[in-house]
Amino acid sequence: MALPTAKQEYAPDMDKPVMRIGAVAELLGVCVRMVRIYEERGLVQPERKNNQRLYSFNDVCWLARVRELINEEGYDIQEIARLISLPACWQLRNCPEELRVDCPVAESPGKQCWDVAQRQGRFSDCQTCQIYRIATERDT
DNA sequence: CTTCTTACA
DNA sequence: TGTAAGCA
């Protein structure tokens, strides 16, 4: 199985919780323990079925990016955890109501901005947002 | 057999 | 982080 990469088009299947932790660890090339640590640190919140962690391909995409940030770009888990704990971009930037009307990020409260904006591609301002950038920079 | 939690070096 | 125990 190939490691999934960030996608331009929205693929519904990417959100389906289908992989158990063993498969995720194998795809990422890390030990199972490490995947659990990412969760403990708040980097990912896999769904659970009967107390079994089930990860979606989007989860794996994100975790793969997390490892890039850590191994190749000098980030540590704490920094990444802090970034994703920040409020939505439109809150940080105090976007006016008028501009939120057509903003896919503001339409999906509770979701990370890159998770929403990336797949819909209609929020061009994300290019200047550091949170969005580090979260989606891939395949360059 | 795989995963889960907790604990320990 | 890696490993182990004891359970499900």
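Letters A, B, ... are given to chains in the order of the sequence lines, protein chains preceding strands, and every chain is numbered from 1.
- At the phosphate of B:dC4, OP1 or OP2 sits under 4.0 Å from a side-chain N or O atom of A:Arg53.
- In this structure, C:dC7 forms no base pair with any nucleotide, since neither Watson-Crick nor G-U wobble geometry is met with both distances under 3.5 Å.
- In this structure, the CD1 atom of A:Ile21 is 9 Å from the P atom of B:dT5, given to the nearest Å.
- The side-chain contact (heavy atoms from CB on, under 4.5 Å) with A:Arg53 is formed by just one residue from the set A:Glu39, A:Arg20, A:Gln45; it is A:Glu39.
- In A:Glu40, the CD atom is crowded: over 12 heavy atoms of neighbouring residues, nucleotides or ligands sit closer than 6.0 Å.
- At most 12 heavy atoms of other shown residues, nucleotides or ligands fall within 6.0 angstrom of atom CD in A:Glu26.
- Between the CD atom of A:Gln52 and the P atom of B:dT5 there is a distance of 9 Å, given to the nearest Å.
- Nucleotide B:dC1 has no partner under the Watson-Crick or G-U criteria, as no pair reaches both atom distances under 3.5 Å.
- Between A:Leu54 atom CG and B:dT2 atom P the separation is 16 Å, expressed in whole Å.
- What separates CD of A:Glu40 from P of B:dT3 is a distance of 16 Å, to the nearest Å.
- Distance A:Arg33 CZ to B:dC4 C1': 12 Å, rounded to the nearest Å.
- Following rounding to the nearest Å, A:Met19 (CE) and B:dT2 (P) show an atom-to-atom distance of 17 Å.
- OP1 or OP2 of C:dT3 has not a single side-chain nitrogen or oxygen of A:Arg36 nearer than 4.0 Å.
- Atoms OH (A:Tyr55) and C1' (B:dT3) sit 11 Å apart, rounded to a whole Å.
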